[in-house]
Trainee: 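Below: one structure in structure tokens.
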Amino acid sequence: MTLSDAVAHLAPHRWARANRLLIRKALAEFAHERLITPEKDGDQFVVRSDDGLTRYTFTAMIRALDHWQIDADSITRHRDGNELPLAALDFFIELKQALGLSDEILPVYLEEISSTLSGTCYKLTKPQIPVAELVKGGFQAIETGMTEGHPCFVANNGRLGFGIHEYLSYAPETASPVRLVWLAAHRSRAAFTAGVGIEYESFLRDELGAETVERFHQQLTDRGLDPADYLLIPVHPWQWWNKLTVTFAAEVARNHLVCLGEGDDEYLAQQSIRTFFNTTHPEKHYVKTALSVLNMGFMRGLSAAYMEATPAINDWLAQLIENDPVLKSTGLSIIRERAAVGYRHLEYEKATDRYSPYRKMLAALWRESPVASLQQGESLATMASLLHVDHEGRGFAAALIEQSGLAPKEWLRRYLRAYFTPLLHSFYAYDLVFMPHGENVILVLKDGVVERAIYKDIAEEIAVMDPDAVLPPTVERLRVDVPEDTKLLSIFTDVFDCFFRFLAANLATEGILEEDDFWRTVAEVTREYQESMPELADKFRQYDMFAPEFALSCLNRLQLRNNKQMVDLADPAGALQLVGTLKNPIAGL
């Protein structure tokens, strides 16, 4: 690749399009979060800069949940009577005060916006695959075919730390095959934990192949080291080149860490960027790695201390699902994080608290592949794909509905029973909540119909909100103390506001399903579940899914305030940015 080839995607016409699309999203989501208040001006809306001199005008429809559906091509920018080109960096500078961007955060946020725009430009160079084709594509074709990322966050592809070579090598949308780097880590500082029935030696042989394990062991022997003293850890190539070779120099110099080279299997980065799907052997485990890159409000590290309890938490949840007739009847399953390995840098540990990024630079986990669980005729798609809209304005969800031959309401009902009913039951029966956004759920499809849901990213994302729940000691860390009046936000915010809001709007825009019909179906599935569980009637009254309104919890406000660590991990509920309320779209239905 030549120096200029590296930036060939950054052409003026693509840059202009990327800026227009990002400003559309910024106007829509910042209006939703009440950071800006568009004023009505005839059949248009106007947003003014902090100094009042720049005007952004656009047309929009305001849907349920204060969802601003803005026509990207209608947006114009004016100052001193002149029309100016749309420029996202200028937009954030002009509205810096309204957005609460501090002098410290602003330049880093602008860097994340620049990276997000660059990623959009790259996506605009790819062959445009109509959704009618994409729905027939394989699991990984859908995964790498996504163009938007998180629907709420405006700076959602920051990936600060990646240069252009790394972007082209490791971003999910570039679909570049990746081979993981393997290190031998001395057992005095490393630990391997696994679920029931898994033993280190045989697990590694299954994952790597006997020949590769022998090759790695031989390298250690050739250096005069005993393979029995070491554990093998898979590492993201970026992490090796950019962090471990320098930040962990002492560990390498003292043979606490030995680089063994690349493994033989090829992987594809997933939407979450640091998780890899094995394309050489799709039935083998995903590998999730530490990656010290700043992306969407967090350094994407992986804690060695956290890894220790991960397999036990997954086994506990799998058992709970297996023994619960309601969850079993929905077809719900999880892909368990079966094994984990972490390395503790003792000196950095002495110098930092447990939340420090320095403690999250070297760890990995292995997560089951969903491929092995498929029945005849079933296929997989990340749930994030339901919000994907192609270059012709056609939605992936609409294409699935068409493929299924079902009436839209019936298709939606089946999807809700698979995805939403288990969330309701987990909340009411166990005070158990997930982080059920599009990237954390895999849908099992058959002829376009959602058959069942698979939840993932378990150990880091689930929580038990009952202070009196009896939990095994290894699972105790899941217990969180959440104020009573914010408990139900785990459904109202995470599901209604951060996912259904967009799905309902897309289906309505395409004329597939009216918004009222969408939310009426959500209400019906909720009632159907509640009527099937009369023994939980008190809980249904206490936490009312049909309450007239709920608090508006704002995600962009978190990132605008502190884009390096959006949430204090010691007090996640305390970090919520609540601003007024939203009208509950299923109230009174």
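Note that the numbering runs from 1 along the sequence shown for the chain.
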Trainee: Sub-3.5 Å donor-acceptor pair from the side chain of R14 to the main-chain atoms of H9, do we have one?
Mentor: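 Present.
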Trainee: State whether the side chain of T275 and the backbone N or O of S272 hold a donor-acceptor pair below 3.5 Å, judged by distance alone.
Mentor: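 No: the side chain of T275 does not pair with the backbone of S272.
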Trainee: Check for a donor-acceptor pair, side chain of T493 on one end and backbone N or O of S490 on the other, with a separation under 3.5 Å.
Mentor: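 It does not hold such a pair.
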Trainee: Does the R20 side chain pair with the main chain of A72, one donor and one acceptor, at a distance under 3.5 Å?
Mentor: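 The answer is yes, because a donor-acceptor pair under 3.5 Å joins these two groups.
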Trainee: As a quick check of understanding, evaluate side-chain hydrogen bond (donor to acceptor under 3.5 Å, both in side chains) for Q577 and E33, giving each step before the final call.
Mentor: CA-CA 10 Å; Q577 289 272 307; E33 294 191 12; over 6 Å; no
Trainee: Tell me the closest heavy-atom pair linking I70 and A60, and the distance in Å.
Mentor: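 I70 and A60 have their closest heavy atoms at CG1-CB, 3.8 Å.
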Trainee: Of the non-hydrogen atoms in Q128 and K123, which two are nearest, and what is the gap between them?
Mentor: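 Q128 and K123 have their closest heavy atoms at NE2-O, 4.3 Å.
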Trainee: Are the aromatic ring centres of H345 and F248 under 6.0 angstrom apart?
Mentor: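 Here the rings of F248 and H345 have centres that are less than 6.0 Å from each other.
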Trainee: Is the distance between the ring centroids of Y455 and F434 less than 6.0 Å?
Mentor: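 When the ring centroids of Y455 and F434 are compared, they turn out to be within the sub-6.0 Å range.
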Trainee: Between Y167 and W238, is the ring centroid distance below 6.0 Å?
Mentor: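 No, the ring centres sit 6.0 Å or more apart.
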Trainee: Run the salt bridge (charged side-chain N to carboxylate O under 4.0 Å, His left out) check on R359 and D353 step by step: do they pass?
Mentor: CA-CA 8 Å; R359 295 193 182 200; D353 69 15; 5.9 Å; no
Trainee: What orientation do F139 and F277 show, parallel under 30°, tilted 30 to 60°, or perpendicular over 60°?
Mentor: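 Plane angle over 60°, so perpendicular.
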Trainee: For the CD1 atom on I129, are there more than 12 heavy atoms of other groups (residues, nucleotides or ligands in this structure) within a distance under 6.0 Å?
Mentor: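 For I129, atom CD1 is not crowded (no more than 12 foreign heavy atoms under 6.0 Å).
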Trainee: Given F420, which of Y415, F500, F499 fulfils the ring pair (Phe, Tyr, Trp, His ring centres under 6.0 Å) condition?
Mentor: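 The single option meeting the ring pair (Phe, Tyr, Trp, His ring centres under 6.0 Å) with F420 is F500.
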Trainee: Checking K40 against F45: charged group under 6.0 Å from the ring centre and within 45 degrees of the axis?
Mentor: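 Yes, a cation-pi geometry.
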Trainee: Between H236 and F276, is the ring centroid distance below 6.0 Å?
Mentor: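 Yes.
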Trainee: Using only atom types and a distance under 3.5 Å, with no angle test, would you say the side chain of T352 pairs donor to acceptor with the backbone of Y348?
Mentor: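 Yes; at least one donor-acceptor contact below 3.5 Å.
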Trainee: Ignoring hydrogens and geometry, is there a side-chain-to-backbone donor-acceptor pair from Q239 to M361 under 3.5 Å?
Mentor: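 Here the side-chain-to-backbone pair exists.
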Trainee: Counting distance only, does the side-chain N/O of S74 pair as donor-acceptor with the main-chain N or O of T59 below 3.5 Å?
Mentor: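 Confirmed, S74 side chain pairs with T59 backbone.
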